[in-house]
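Notes follow the structure.
In what follows, every heavy atom counts, from backbone to side chain, and hydrogens, waters and symmetry copies are set aside. Throughout, numbering of the chain's residues begins at 1 and tracks the sequence.
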Amino acid sequence: MSNTATQNMAAIPLPERRRKAVQAGCICMMLSVAMSGLALSTLSSPILESINALEYVSLFSILGALGVSIMTPIGGKLGDLIGRRNVVVIPGIICALCGIGIAFIRSLVPLMILRLLLSLAQGTFTAAPYIIVGLINEKKDIPKAMGFLAAAVAIGGFGGSIIAGILTDMGLMTVAIIVSVIPLILGIVLIGMNMPNQKKEGKVSIDVWGTVTLVVALCGILLSLNYATALGWGHPLVIGGMLIGFLALILLIWVEHRAADPLIPMKLFRNARYTALLLVTFCAYFYIGAMNTYVPIASIKVLGTSAGIAGSLQMPRTLICMFLPAAAGVWVGKRVENNWKALTFATLLAAIPMFALGFTTEYTSILVYYVAIAITGIAEGFRAVSVTPFAQMTLDQEDIGIGTSLINFTNSLSGTIGAAVLGAAYNFYTVGNATSVEHIRRGCNAVFWIAAVFGIIGVGIVLFVIRPQMTKK
């Protein structure tokens, strides 16, 4: 067998029928994650309004992002410890149970607890589909496989939001929430029955102190950001939370440098291209929170549309993401240099629509929202087929698992920090005026402008850091 053929072989060769079943299972898992996230984002206002708790919209959003951020790197390590199949099946079952619970419970504290548990479970297996398709496919087919996952996320996002909106308008909000559990169960079955439970060879241990310091750092910083506008930036709880969070972050770096089997290997950050890619990933994904949470709020509360219309805003984006990733993946695969061009599109075409939405008034046409969200679909199509394959190409084989998990961790961290920062900006205008259309408009516009700024920062990193590195290479 030639050397090229050997290099192109799948890391886990499977019979074609089982490979397709596992890949279909991965698609179902990402479909469910997207459906659940978008459904809960679209319905956050109606759900909380039904229990007279509309002022907790930003907290509901940040709990959804916080759990994913905490568990994504831990999930990558758990996959090494208990196997890639089990890290999908076990958390997947927990996620399904929490989703069903959210559909029926209408009490604030249990609802928030279930939202956090659901996001923790999702974070545990979110990176697994990306790792699995990279293991079961030949290297030349990986960008295309990533494109399928991107299409699933897009379809799930559209399906989750529009189905949730339509069913809620029909008075079937409980059914709207449960729908996302169906593909989750199908994905669990397909992967559970066809995927070998591969584990990392040798002894694998969980970095307990790394996990503890990561959780404390994220909770301290992000929850403080969320409550700063409500309590005041000088409030002792806010200052104390920030201080604890940053101290834990410093301790996390110290612990990970000394850990025998670190949760987040610091050696990866000595790879300049990979580190720059993480920063671009953070900036390219920052707009997601603004789009998923605050676009529906602006649509319903400022423009006065129904929940069904708000849920349909992602239809053009979905159609683009159904077809563009596969074509973009083929284009990216032709030349390595096309990666930086794809990353430029991913960041620039996320910034422009957010900037446009930042001028929303009650007279803004809903068509502006449809066009803006459609453009983000082009950005997502290029992001999906460039970031993860480029990371896997940049890293050593032994680091691909944790390196891919860190890409997903960066995505979730971007969403979490975005939820906190954007929530703080939104709350700045709406605290004490949660039902005022004018204050909601100002809050949403501030959110969109902040998201645009991060997109522009991402463009700068691509053009002035990654492009020169790739040209030199």
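Using cut-offs of 30° and 60° on the angle between ring planes, the pair Trp331 and Phe382 is perpendicular.
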Note to self: Does Ile93 form a side-chain contact (heavy atoms from CB on, under 4.5 Å) with Ile188? I'd like the steps, not just the answer.
What the structure shows: CA-CA 8 Å; Ile93 293 172; Ile188 292 170; 4.2 Å; yes
Next item on the list: Please assess Ile297 against Tyr426 for the test side-chain contact (heavy atoms from CB on, under 4.5 Å), listing each intermediate value before the final yes or no.
Entry: CA-CA 11 Å; Ile297 291 175; Tyr426 181 79; 3.8 Å; yes
Next item on the list: Output, in order, the C-alpha distance, side-chain angles, deciding distance and verdict of side-chain contact (heavy atoms from CB on, under 4.5 Å) for Val295 and Tyr369.
Entry: CA-CA 8 Å; Val295 162; Tyr369 274 63; 3.8 Å; yes
Margin query: Determine whether Leu343 and Leu277 satisfy the following criterion, side-chain contact (heavy atoms from CB on, under 4.5 Å), listing intermediate values before the conclusion.
Written below: CA-CA 9 Å; Leu343 291 171; Leu277 185 65; 3.9 Å; yes
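Counting all heavy atoms, side chain and backbone alike, Leu149 lies closest to Tyr130 at CD1-CD2, 3.6 Å. When all heavy atoms of Cys283 and Ile461 are compared, the pair lying nearest together is SG-CD1, 4.5 Å. Across every non-hydrogen atom of Ala451 and Met354, the tightest pair is CB-CG, 3.8 Å. When all heavy atoms are compared, the tightest approach of Ala346 to Ala350 is O-CB, 3.5 Å. Counting all heavy atoms, side chain and backbone alike, Ile136 lies closest to Arg19 at O-CD, 3.5 Å. Contact record, Gly377 with Leu324: O-CD2, 4.3 Å, taken as the closest heavy-atom pair.
For Tyr285 and Thr410, the side-chain atoms include no donor-acceptor pair closer than 3.5 Å.
By the 4.5 Å heavy-atom criterion applied to side chains, Val88 and Ile132 are counted as neighbours. Residues Met195 and Ile12 meet the side-chain proximity criterion, which asks for heavy atoms closer than 4.5 Å. Side-chain atoms of Leu117 and Leu120, non-hydrogen and from C-beta on, do get closer than 4.5 Å to each other. Using a 4.5 Å heavy-atom threshold, the side chains of Val133 and Met30 count as separate. Within the 4.5 Å cutoff, the side chain of Leu278 has heavy atoms near those of the Phe269 side chain.
Rounding to the nearest 0.5 Å places CD1 of Ile250 at 5.5 Å from CG of Leu247. The CZ atom of Arg85 sits 9.5 Å away from atom CD1 of Ile90, with the distance rounded to the nearest 0.5 Å. With rounding to the nearest 0.5 angstrom, the CG atom of Leu118 is 5.0 Å from the CD1 atom of Ile102. Of the inter-residue distances, the one linking Cys219 atom SG with Ile244 atom CD1 reads 11.0 Å to the nearest 0.5 angstrom. Rounded to the nearest 0.5 angstrom, Leu252 CG and Leu214 CG are separated by 6.0 Å. Here the CE atom belonging to Met71 is positioned 3.0 Å from the OG1 atom belonging to Thr124, to the nearest 0.5 angstrom.
Taking the side-chain contact (heavy atoms from CB on, under 4.5 Å) definition, one finds that Ile375 meets it with Leu349, Pro353, Val371, sequence neighbours left out.
The main-chain N or O of Ile264 is found under 3.5 Å from a side-chain atom of Glu256 such that the two form a donor-acceptor pair. The backbone N or O of Ala284 sits nowhere less than 3.5 Å from a side-chain atom of Thr347 that would complete a donor-acceptor pair. Remark: side-chain polar atoms of Ser32 are not paired, donor with acceptor, to backbone N or O of Cys28 under 3.5 angstrom. A donor-acceptor distance shorter than 3.5 angstrom exists from the side chain of Arg258 to the backbone of Trp254, with no hydrogens or angles considered. Checking side-chain atoms of Arg18 against main-chain N and O of Asn194 turns up a donor-acceptor pair under 3.5 Å. Between the Thr281 side chain and the Ile407 main chain, no donor and acceptor come within less than 3.5 Å of each other. Under the 3.5 Å distance criterion, the side-chain polar atoms of Thr376 are matched with a main-chain donor or acceptor of Ile373.
Dense packing is recorded around CH2 of Trp449, with more than 12 heavy atoms of other residues, nucleotides or ligands lying under 6.0 Å away. Environment of CE in Met266: crowded, with over 12 heavy atoms of neighbouring residues, nucleotides or ligands closer than 6.0 Å. At most 12 non-hydrogen atoms from other residues, nucleotides or ligands lie less than 6.0 angstrom from CZ of Phe246.
For the ring pair (Phe, Tyr, Trp, His ring centres under 6.0 Å) criterion with Phe454, the lone passing option out of Phe355, Phe448, Phe286 is Phe286. Here the rule is side chain to side chain contact (heavy atoms under 4.5 Å, CB included) with Phe125, and of Leu78, Val89, Leu184 only Leu184 fits it.
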